[in-house]
Structure formats: C-alpha cells, structure tokens
Asker: 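Quick one: structure below, then a few questions.
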Amino acid sequence: MSTKVRKMLFILSKGTIENAYAAFIMANGARMEGIESEIFFTFFGLEAIQKKKLEHLHVATVGNPAMHMPTMLGGLPGMEALATSMMKKEMEKLDMPPIGEFLEILSDSGCKLWGCKLAVDMFHLKREDLIDDLDGILTIGDFYNRADEEGCQLLFI
Amino acid sequence: MEKTIAGKTVNVNEEGYLTDFSQWTKEVGEELAKEQGIQLTPRHWEVIDYVQDKHKKDEALSVRGIKKSGVFDVKEFYDLFPGGPLKKATLIAGIPKPKSCI
C-alpha cells in the first residue's frame, strides 16, 4: 500500500445521524484499506453507542441550511423523524447498514471503539448502558497515548 | 500491462488486478495469493468462490454482504485476508477491485 497513513483515530462528538455515519464509513473504509482505525465517542457522540438510543439518531432539520427547509418548518414536531426516515431509506438502497449493525461490523473488522470517561460521567451513564462491543472507557490522555505512533492521524467529527 | 504468472501470460492493471477474468486459473490465484503473503486454505477458496459468484451475477461486494452471506463472518474474513480483505480477495480471485465505499 502506498499511503503513509497507518492509523486513523476518529473523535465523534455529535449525536446526529450524518455525523455518526461519517465517522463509521471512514473508520470502516480505513480497515478495508488495511489501515488501523479507532473511534472515541464523546459528548453527544455517546448517543451512537447507547443501547437504547443508537437506533434513534436523527438528522438535524433546524440550523442546517443544507436541508433547504425553512427553520420554522424544520422545527415542527415530527419533522426530524420524517427527514431521518427518508434518509434511512436512501441509505438502505446503498446497502448502508443501520447504526447497530454498523457497530458490529466495525468491531468485527478490528476497529476499536472507546467511550470518553468524562462524558460518560457527565451523562451519568453506566457500562451496561453502552454497547457490549465497546472496547473500554478512556480518558483523553489514554486516547492520545494510542495516537503516539508514526503515520497516525486524528479527526474530530 | 502483461505479467507472467504460474507459467501464463495475463493482463493486469496498474494495481495488479486481472483485466480479463477468462485468463484466471486456480494456479494463477495461488500465485497471486503468494505475492500477497497468503497461503490459500480451503476457507480461502470458499471466499474466492463467493466473490467470483457475486461478480458473475453482477452483484456489488461489500462488508455488509459478507456479514449477511452466512458463509463466513466479518472477523474471519479479516483474519483470512489481513490488510484489506475485499481488496485482496478480489485481486486473488481475478475480478475487479470493488468500487463501493462500504
């Protein structure tokens, strides 16, 4: 392989579906290219690894100009759910797995999944609230230690 | 460009993928695998059969497809072809590199 990238570390800080997919697709794509990958879930990104929440991530319809929807309209009840279900249909057409299945694929592919200790404490989450495939809960210092090698790139999403 | 492998002359692209599947033989597959540092086992051949079958049916290959195949799981797939399983399996199987991002 010609790339100098050996390892990709992603920090997922947002709980919107499009950000979760961005991290997942790039992390999975890295593994497919023989590049190591890990995802550190922090703040709202933790929604993507909470058993009860992960299948209910939404696309943001308010404050998102690319939705081409008036803000007032985007704020109506049910709009986020509607936009999300439309997006999920398109994703299914492209054979993109739902969040839960994607996490299984990532874990089986050797992508390491980490929870952020500070955010887990802040949201009063317990280990059992988070997916079984999670590799552990780390401090940011632990995470930086994992980045301490040649050819490693960090990406904040 | 042309390449001689297992006593045969085959056409490959710049990444080493065969451009004409009809030139592929099991011996060619074995040699291609060796170049990738892989010694083929019966399990590898099952994967190769699977990806070739998908290619013949013109169906897209993806990791999700592997997971759903029921033949092998994602973990085993990565173990069999370390360092980019779909890329390597398709190269050895003599079919084009998958264009999908997933």
Asker: Would you tabulate the side-chain donor-acceptor contacts of residues 147-157 of chain A under 3.5 Å, counting partners in other chains and residues two or more places apart, or write 'none'?
Answerer:
{"residue": "A/E149", "atom": "OE1", "partner": "A/K7", "partner atom": "NZ", "Å": "3.1"}

Asker: Take atom CE in A/M122; do more than 12 heavy atoms of anything else shown fall under 6.0 Å from it?
Answerer: yes
Asker: How about A/L82: does its CG atom have over 12 heavy atoms from other parts shown lying under 6.0 Å from it?
Answerer: yes
Asker: Are there over 12 heavy-atom neighbours, none belonging to A/F43, within less than 6.0 Å of that residue's CZ?
Answerer: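 No, not enclosed.
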Asker: Between CD1 of A/I105 and NZ of B/K75, what distance do you get to the nearest 0.5 Å?
Answerer: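 Answer for the CD1-NZ pair, A/I105 versus B/K75, is 13.0 Å.
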Asker: Measure the spacing between CE of A/M32 and OG of B/S62 and express it to the nearest 0.5 Å.
Answerer: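 Here the rounded value is 8.0 Å.
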Asker: Are there more than 12 heavy atoms of other residues, nucleotides or ligands under 6.0 Å from atom CE of A/M72?
Answerer: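 Atom CE in A/M72 is not crowded, with 12 or fewer foreign heavy atoms closer than 6.0 Å.
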Asker: After noting the C-alpha distance and the side-chain angles of B/L86 and A/E33, does the key distance pass the side-chain contact (heavy atoms from CB on, under 4.5 Å) rule?
Answerer: CA-CA 9 Å; B/L86 264 185; A/E33 290 297 320; over 6 Å; no
Asker: One thing to verify: whether B/R64 and A/E92 come together as a salt bridge, which I'm taking to mean a side-chain N less than 4.0 angstrom from a carboxylate O.
Answerer: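 Salt bridge flag = yes for B/R64 with A/E92.
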Asker: With rounding to the nearest 0.5 angstrom, report the CG to CG distance, A/D108 to B/D79.
Answerer: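 Going from the CG atom of A/D108 to the CG atom of B/D79 covers 10.0 Å.
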Asker: Can you tell me if B/F21 has over 12 outside heavy atoms packed within less than 6.0 Å of its CZ?
Answerer: yes
Asker: Select one option (side chain, backbone, both, neither) describing which atoms of A/F24 are under 4.5 Å from chain B's heavy atoms.
Answerer: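 Neither part.
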Asker: If you draw a 6.0 Å radius around CZ in A/F44, do more than 12 non-hydrogen atoms from other residues or ligands fall strictly inside?
Answerer: no
Asker: Between B/K67 and A/E104 (salt bridge meaning N to carboxylate O under 4.0 Å), is one present in this structure?
Answerer: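 Between A/E104 and B/K67 there is a salt bridge, with a charged N closer than 4.0 Å to a carboxylate O.
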Asker: What are the two closest non-hydrogen atoms of B/Y78 and A/R31, and how far apart are they?
Answerer: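 Shortest heavy-atom contact: OH-CB, 3.3 Å.
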Asker: Which heavy atom in A/D95 sits nearest to a heavy atom in B/G65, and how many Å separate them?
Answerer: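 Minimum heavy-atom contact is OD2-N, 4.5 Å.
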